[in-house]
Amino acid sequence: MEPAPAQQISAAILNIFSTQSGAAVLASRASCRIVHFAKCPIPLPSPDDQGFLREGLSPFLRRKNVSYYPGAEKLAGIQAPALVRDRAQRILREHWFQVREFLERAMPGFTRGWTPGTSSFRPMEERGRGLSPHASNELVHVDAGAYGATHGDRILRFFVNLNPSRDRVWISKGTFEELFHRHAEDASVGRGALQPALPERVLTGLLNVAGKAFPMARVIDSSPYDRRMRRFHNWMKDTPSFQQPPYERFSFAPWSAWMVLTDGVSHACIEGQHALVDTFLIPLRNCRRPAPYQLLAGAA
(Lines give C-alpha, C1' and ligand atoms only; values in the text may rest on other atoms or scores of the structure.)
Protein backbone atom coordinates (compact mmCIF):
# COMPACT_ATOMS: atom_id res chain seq x y z
CA MET A 1 0.00 0.00 0.00
CA GLU A 2 1.48 3.35 -1.05
CA PRO A 3 1.51 6.07 1.61
CA ALA A 4 -0.56 9.17 0.95
CA PRO A 5 1.63 12.27 0.43
CA ALA A 6 1.83 14.16 3.68
CA GLN A 7 1.51 17.51 1.95
CA GLN A 8 -1.96 16.44 0.73
CA ILE A 9 -3.22 15.62 4.22
CA SER A 10 -3.52 18.28 6.88
CA ALA A 11 -5.59 16.26 9.30
CA ALA A 12 -8.15 18.23 11.28
CA ILE A 13 -8.26 17.97 15.06
CA LEU A 14 -9.91 20.72 17.07
CA ASN A 15 -10.16 22.78 13.86
CA ILE A 16 -6.37 23.22 13.87
CA PHE A 17 -6.11 21.49 10.51
CA SER A 18 -8.21 21.17 7.38
CA THR A 19 -9.00 17.82 5.77
CA GLN A 20 -8.07 17.13 2.18
CA SER A 21 -7.59 14.09 -0.01
CA GLY A 22 -7.22 10.90 1.97
CA ALA A 23 -8.72 12.07 5.26
CA ALA A 24 -12.32 12.55 6.33
CA VAL A 25 -13.81 13.94 9.52
CA LEU A 26 -16.05 11.32 11.09
CA ALA A 27 -17.14 13.01 14.31
CA SER A 28 -17.71 16.72 13.99
CA ARG A 29 -19.79 17.47 17.06
CA ALA A 30 -18.63 20.83 18.43
CA SER A 31 -14.96 21.34 17.54
CA CYS A 32 -13.46 17.95 18.41
CA ARG A 33 -13.07 15.48 15.58
CA ILE A 34 -12.03 11.98 14.70
CA VAL A 35 -9.96 12.06 11.52
CA HIS A 36 -10.32 8.92 9.43
CA PHE A 37 -8.06 7.60 6.66
CA ALA A 38 -9.88 5.01 4.54
CA LYS A 39 -6.43 3.68 3.64
CA CYS A 40 -3.65 4.04 6.15
CA PRO A 41 -1.44 6.93 4.95
CA ILE A 42 1.80 5.16 5.88
CA PRO A 43 3.26 1.77 4.92
CA LEU A 44 2.01 -0.99 7.18
CA PRO A 45 4.10 -3.90 8.49
CA SER A 46 4.67 -6.63 5.93
CA PRO A 47 2.05 -9.41 5.69
CA ASP A 48 4.46 -11.78 7.45
CA ASP A 49 5.01 -9.28 10.28
CA GLN A 50 1.27 -8.67 10.57
CA GLY A 51 0.67 -12.41 10.85
CA PHE A 52 3.38 -12.64 13.49
CA LEU A 53 1.71 -9.95 15.60
CA ARG A 54 -1.74 -11.50 15.27
CA GLU A 55 -0.76 -15.13 15.78
CA GLY A 56 2.84 -15.45 16.93
CA LEU A 57 2.56 -13.40 20.12
CA SER A 58 -0.50 -15.03 21.67
CA PRO A 59 1.39 -17.72 23.66
CA PHE A 60 3.58 -15.08 25.28
CA LEU A 61 1.14 -12.34 26.26
CA ARG A 62 1.34 -11.05 29.84
CA ARG A 63 -0.67 -7.83 29.51
CA LYS A 64 -3.56 -6.57 27.42
CA ASN A 65 -1.14 -4.59 25.21
CA VAL A 66 2.33 -5.23 23.81
CA SER A 67 4.07 -1.86 24.05
CA TYR A 68 7.32 -0.46 22.73
CA TYR A 69 8.85 2.49 24.65
CA PRO A 70 10.99 4.38 22.13
CA GLY A 71 12.80 6.58 24.64
CA ALA A 72 14.10 3.59 26.58
CA GLU A 73 14.22 1.02 23.77
CA LYS A 74 12.14 -1.37 25.85
CA LEU A 75 9.27 -3.76 25.14
CA ALA A 76 6.57 -4.62 27.68
CA GLY A 77 3.61 -6.96 27.69
CA ILE A 78 5.14 -10.29 26.69
CA GLN A 79 7.38 -12.88 28.24
CA ALA A 80 9.05 -14.61 25.33
CA PRO A 81 12.35 -15.90 23.90
CA ALA A 82 14.74 -13.27 22.64
CA LEU A 83 13.95 -13.94 18.97
CA VAL A 84 10.25 -13.29 19.55
CA ARG A 85 10.85 -10.18 21.66
CA ASP A 86 13.37 -8.77 19.21
CA ARG A 87 11.04 -9.25 16.25
CA ALA A 88 8.06 -7.69 18.05
CA GLN A 89 10.18 -4.73 19.12
CA ARG A 90 11.55 -4.25 15.62
CA ILE A 91 8.04 -4.23 14.08
CA LEU A 92 6.67 -1.73 16.60
CA ARG A 93 9.79 0.46 16.38
CA GLU A 94 9.51 0.64 12.59
CA HIS A 95 5.80 1.42 12.75
CA TRP A 96 6.36 4.10 15.41
CA PHE A 97 8.98 5.73 13.19
CA GLN A 98 6.62 5.74 10.20
CA VAL A 99 3.79 7.32 12.23
CA ARG A 100 6.05 9.92 13.80
CA GLU A 101 7.64 10.90 10.50
CA PHE A 102 4.25 11.23 8.79
CA LEU A 103 2.72 13.37 11.52
CA GLU A 104 5.77 15.62 11.78
CA ARG A 105 5.68 16.23 8.03
CA ALA A 106 1.94 16.77 7.88
CA MET A 107 1.59 18.87 11.06
CA PRO A 108 4.91 20.53 11.94
CA GLY A 109 3.38 23.29 14.04
CA PHE A 110 1.19 20.96 16.05
CA THR A 111 3.88 18.37 16.73
CA ARG A 112 6.65 20.85 17.64
CA GLY A 113 8.12 19.89 21.01
CA TRP A 114 5.86 16.85 21.41
CA THR A 115 6.67 13.84 23.60
CA PRO A 116 6.45 10.40 21.98
CA GLY A 117 4.67 7.80 24.07
CA THR A 118 4.34 4.12 23.28
CA SER A 119 3.75 2.19 20.09
CA SER A 120 1.39 -0.62 21.05
CA PHE A 121 -0.25 -3.66 19.56
CA ARG A 122 -3.65 -4.52 21.00
CA PRO A 123 -4.12 -8.27 20.50
CA MET A 124 -7.31 -8.92 22.48
CA GLU A 125 -10.92 -9.01 21.31
CA GLU A 126 -12.51 -5.94 22.90
CA ARG A 127 -16.07 -7.25 23.14
CA GLY A 128 -16.97 -9.12 26.29
CA ARG A 129 -13.59 -9.05 28.04
CA GLY A 130 -15.18 -8.61 31.46
CA LEU A 131 -12.56 -6.22 32.77
CA SER A 132 -13.09 -3.94 35.76
CA PRO A 133 -14.80 -0.66 34.75
CA HIS A 134 -11.65 1.46 35.11
CA ALA A 135 -9.66 -0.94 32.89
CA SER A 136 -12.35 -1.53 30.27
CA ASN A 137 -12.15 -0.05 26.77
CA GLU A 138 -15.82 -0.96 26.22
CA LEU A 139 -17.10 1.86 28.46
CA VAL A 140 -17.30 5.41 27.13
CA HIS A 141 -14.61 7.68 28.57
CA VAL A 142 -12.11 10.41 27.81
CA ASP A 143 -8.46 9.53 28.26
CA ALA A 144 -6.74 10.86 31.36
CA GLY A 145 -3.24 10.58 32.79
CA ALA A 146 -1.39 8.98 29.90
CA TYR A 147 1.75 7.47 31.46
CA GLY A 148 0.99 9.08 34.81
CA ALA A 149 0.38 12.77 34.13
CA THR A 150 0.07 15.12 31.17
CA HIS A 151 -0.11 18.44 33.11
CA GLY A 152 -2.59 19.69 30.53
CA ASP A 153 -0.78 18.54 27.40
CA ARG A 154 -3.02 16.82 24.86
CA ILE A 155 -3.17 13.07 24.21
CA LEU A 156 -2.95 12.36 20.48
CA ARG A 157 -3.46 8.76 19.37
CA PHE A 158 -3.02 7.28 15.90
CA PHE A 159 -4.83 3.96 15.33
CA VAL A 160 -4.60 1.31 12.62
CA ASN A 161 -7.00 -1.62 12.30
CA LEU A 162 -4.67 -4.53 11.61
CA ASN A 163 -7.47 -7.09 11.45
CA PRO A 164 -7.71 -8.38 7.84
CA SER A 165 -11.44 -9.16 7.92
CA ARG A 166 -13.25 -7.28 10.72
CA ASP A 167 -14.08 -3.67 11.46
CA ARG A 168 -13.03 -2.04 14.70
CA VAL A 169 -16.11 -0.35 16.18
CA TRP A 170 -16.20 2.73 18.40
CA ILE A 171 -18.99 4.66 20.05
CA SER A 172 -18.92 8.25 21.33
CA LYS A 173 -21.20 10.43 23.44
CA GLY A 174 -19.63 13.69 22.28
CA THR A 175 -16.77 15.99 23.14
CA PHE A 176 -15.16 16.70 26.48
CA GLU A 177 -16.54 20.23 26.38
CA GLU A 178 -20.13 19.05 25.86
CA LEU A 179 -19.90 16.39 28.55
CA PHE A 180 -18.11 18.61 31.05
CA HIS A 181 -20.77 21.32 30.83
CA ARG A 182 -23.47 18.68 31.18
CA HIS A 183 -22.03 16.41 33.88
CA ALA A 184 -19.27 18.19 35.83
CA GLU A 185 -21.53 18.86 38.80
CA ASP A 186 -22.78 15.27 38.91
CA ALA A 187 -19.18 14.04 38.75
CA SER A 188 -18.05 16.49 41.45
CA VAL A 189 -15.41 17.93 39.11
CA GLY A 190 -14.79 21.54 39.97
CA ARG A 191 -13.17 24.46 38.19
CA GLY A 192 -10.32 26.58 39.48
CA ALA A 193 -6.56 27.00 39.70
CA LEU A 194 -4.53 24.05 38.45
CA GLN A 195 -0.99 25.12 39.29
CA PRO A 196 0.79 22.37 41.27
CA ALA A 197 2.55 23.23 44.52
CA LEU A 198 6.36 23.40 44.64
CA PRO A 199 6.90 19.86 46.08
CA GLU A 200 4.78 18.39 43.30
CA ARG A 201 6.72 20.34 40.65
CA VAL A 202 10.01 19.05 42.07
CA LEU A 203 8.71 15.47 42.04
CA THR A 204 7.60 15.85 38.43
CA GLY A 205 11.07 17.03 37.42
CA LEU A 206 12.74 14.08 39.11
CA LEU A 207 10.31 11.60 37.56
CA ASN A 208 10.89 13.06 34.10
CA VAL A 209 14.61 12.44 34.49
CA ALA A 210 14.09 8.92 35.83
CA GLY A 211 11.56 8.19 33.09
CA LYS A 212 14.22 8.42 30.40
CA ALA A 213 15.73 5.17 31.66
CA PHE A 214 12.68 3.67 33.39
CA PRO A 215 9.53 4.70 31.46
CA MET A 216 7.12 3.34 34.06
CA ALA A 217 8.54 5.75 36.65
CA ARG A 218 6.38 8.46 35.09
CA VAL A 219 3.24 6.57 36.10
CA ILE A 220 3.82 7.86 39.64
CA ASP A 221 3.52 11.46 38.49
CA SER A 222 0.35 13.47 39.06
CA SER A 223 -0.97 17.03 38.97
CA PRO A 224 -4.16 18.91 39.93
CA TYR A 225 -5.23 18.83 36.28
CA ASP A 226 -4.66 15.09 35.91
CA ARG A 227 -6.51 14.32 39.13
CA ARG A 228 -9.57 16.22 37.93
CA MET A 229 -9.44 14.51 34.56
CA ARG A 230 -9.11 11.12 36.25
CA ARG A 231 -12.11 11.88 38.46
CA PHE A 232 -14.22 12.68 35.39
CA HIS A 233 -12.87 9.60 33.53
CA ASN A 234 -13.75 7.34 36.46
CA TRP A 235 -17.20 8.90 36.92
CA MET A 236 -18.04 8.16 33.29
CA LYS A 237 -17.05 4.52 33.61
CA ASP A 238 -18.67 4.07 37.04
CA THR A 239 -22.05 5.57 36.08
CA PRO A 240 -24.41 3.11 34.33
CA SER A 241 -26.88 5.83 33.37
CA PHE A 242 -24.15 7.75 31.55
CA GLN A 243 -23.20 4.66 29.57
CA GLN A 244 -26.68 4.32 28.08
CA PRO A 245 -27.55 5.51 24.54
CA PRO A 246 -27.77 7.80 22.68
CA TYR A 247 -24.30 7.70 21.20
CA GLU A 248 -22.61 7.89 17.82
CA ARG A 249 -21.16 4.75 16.28
CA PHE A 250 -18.11 4.52 14.00
CA SER A 251 -16.75 1.49 12.13
CA PHE A 252 -13.12 1.40 10.98
CA ALA A 253 -12.45 -1.07 8.17
CA PRO A 254 -9.42 -3.36 7.95
CA TRP A 255 -6.19 -1.46 7.26
CA SER A 256 -7.83 1.91 7.75
CA ALA A 257 -6.39 4.46 10.19
CA TRP A 258 -7.78 7.21 12.36
CA MET A 259 -6.46 9.72 14.84
CA VAL A 260 -7.97 11.80 17.59
CA LEU A 261 -7.16 13.84 20.67
CA THR A 262 -8.52 11.21 23.02
CA ASP A 263 -8.73 13.55 26.01
CA GLY A 264 -11.12 15.72 23.97
CA VAL A 265 -13.47 13.15 22.41
CA SER A 266 -15.35 10.54 24.43
CA HIS A 267 -14.99 7.05 23.04
CA ALA A 268 -15.23 3.34 23.69
CA CYS A 269 -14.13 0.38 21.59
CA ILE A 270 -16.95 -2.17 21.64
CA GLU A 271 -15.76 -4.56 18.92
CA GLY A 272 -12.47 -5.43 17.32
CA GLN A 273 -9.22 -7.30 17.66
CA HIS A 274 -5.69 -6.53 16.49
CA ALA A 275 -4.91 -2.82 16.31
CA LEU A 276 -1.81 -0.67 16.34
CA VAL A 277 -1.93 2.40 18.58
CA ASP A 278 0.69 5.13 18.77
CA THR A 279 0.47 7.77 21.48
CA PHE A 280 2.01 11.25 21.62
CA LEU A 281 1.69 14.11 24.11
CA ILE A 282 1.11 17.43 22.36
CA PRO A 283 2.20 20.60 24.20
CA LEU A 284 -0.82 22.62 25.24
CA ARG A 285 0.82 25.76 23.82
CA ASN A 286 0.52 24.26 20.31
CA CYS A 287 -3.29 24.22 20.47
CA ARG A 288 -5.40 27.03 19.07
CA ARG A 289 -8.75 25.96 20.52
CA PRO A 290 -9.81 25.73 24.18
CA ALA A 291 -8.61 22.46 25.66
CA PRO A 292 -9.77 20.49 28.72
CA TYR A 293 -7.15 22.34 30.78
CA GLN A 294 -8.77 25.72 30.16
CA LEU A 295 -12.22 24.33 30.84
CA LEU A 296 -11.16 22.76 34.14
CA ALA A 297 -9.33 25.97 35.11
CA GLY A 298 -12.47 28.00 34.41
CA ALA A 299 -10.69 30.08 31.76
CA ALA A 300 -12.77 29.05 28.73
Side-chain angles (χ1 to χ4, degrees), residues 40 42-101 115-139 141 143 145-148 155-166 168 170 207 210-221 252 254-255 257-259 262 268-281:
C40 184
I42 61 171
L44 294 177
S46 70
D48 283 347
D49 283 345
Q50 290 186 40
F52 170 76
L53 291 178
R54 289 191 294 263
E55 301 163 12
L57 294 183
S58 56
F60 308 108
L61 296 175
R62 291 298 179 267
R63 299 181 186 174
K64 63 179 183 179
N65 298 331
V66 180
S67 299
Y68 164 64
Y69 291 83
E73 279 294 314
K74 291 186 177 181
L75 188 75
I78 59 171
Q79 185 174 338
L83 287 176
V84 173
R85 291 184 58 84
D86 290 348
R87 184 176 181 182
Q89 182 164 317
R90 189 262 303 165
I91 296 169
L92 293 179
R93 182 196 300 114
E94 291 176 355
H95 179 71
W96 169 81
F97 181 82
Q98 295 278 2
V99 173
R100 176 172 182 167
E101 185 180 58
T115 302
T118 58
S119 183
S120 296
F121 177 63
R122 297 188 175 180
M124 304 293 189
E125 168 59 50
E126 296 292 351
R127 172 180 278 187
R129 291 177 63 185
L131 298 175
S132 65
H134 293 181
S136 175
N137 289 334
E138 293 181 83
L139 298 176
H141 61 283
D143 284 353
Y147 315 113
I155 303 171
L156 174 65
R157 286 195 157 127
F158 187 97
F159 300 84
V160 178
N161 182 7
L162 215 58
N163 194 302
S165 59
R166 293 179 52 209
R168 195 168 183 89
W170 274 25
L207 291 173
K212 294 178 181 179
F214 305 99
M216 296 307 293
R218 296 174 180 167
V219 174
I220 304 171
D221 196 15
F252 302 101
W255 296 300
W258 62 105
M259 66 186 201
T262 53
C269 184
I270 60 171
E271 293 180 29
Q273 184 178 14
H274 304 139
L276 292 166
V277 185
D278 286 78
T279 303
F280 304 88
L281 295 184

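No experiment lies behind these values; they were computed from the predicted model shown. Along the sequence shown, residues carry numbers from 1.
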How far does [atom1] of [X] sit from [atom2] of [Y], to the nearest 0.5 angstrom?
X      : Y      : atom1 : atom2 : result
Cys40  : Asn161 : SG    : CG    : 10.5 Å
Phe280 : Thr118 : CZ    : OG1   : 9.0 Å
Ser67  : Arg122 : OG    : CZ    : 8.5 Å
Tyr69  : Lys74  : OH    : NZ    : 10.0 Å
Asp278 : Arg157 : CG    : CZ    : 10.0 Å
His95  : Phe158 : NE2   : CZ    : 6.5 Å

Contact summary for Pro116 and Arg100, nearest pair of heavy atoms: CG-NH1, 3.3 Å
Closest contact, heavy atoms only, Gly272 versus Arg166: N-NH2, 3.7 Å
Backbone of Gln273 reached by a side-chain donor or acceptor of Asn163 within 3.5 Å: yes
Backbone of Leu75 reached by a side-chain donor or acceptor of Arg85 within 3.5 Å: yes
Pairing residues for Arg168 by the side-chain hydrogen bond (donor to acceptor under 3.5 Å, both in side chains) criterion, not counting sequence neighbours: Glu126
Side-chain heavy atoms of Phe97 within contact of Pro70, under 4.5 Å: no
Parallel, tilted or perpendicular, as decided by the 30° and 60° cut-offs, for the rings of Trp96 and Tyr68: perpendicular
Geometric class of the Phe252/Trp258 ring pair [parallel <30°, tilted 30-60°, perpendicular >60°]: parallel
For His141, all residues meeting ring pair (Phe, Tyr, Trp, His ring centres under 6.0 Å), sequence neighbours excluded: His233, His267
side-chain contact (heavy atoms from CB on, under 4.5 Å) partners of [X], counting only residues at least two apart:
X      : answer
Gln79  : Arg62
Gln50  : Leu44, Pro45, Arg54, Leu162, Trp255
Ser136 : Leu131, Glu138, Leu139
Leu61  : Leu57, Val66, Ile78, Pro123, Met124

side-chain contact (heavy atoms from CB on, under 4.5 Å) between Leu156 and Thr279, intermediate numbers included: CA-CA 6 Å; Leu156 174 65; Thr279 303; over 6 Å; no
Cationic N near anionic O, under 4.0 Å, Arg90 to Asp49: yes
Note: Arg129-Glu125 ion pair, threshold 4.0 Å (strictly below): no
Derivation of the side-chain contact (heavy atoms from CB on, under 4.5 Å) call for Leu53 and Leu276: CA-CA 10 Å; Leu53 291 178; Leu276 292 166; 4.3 Å; yes
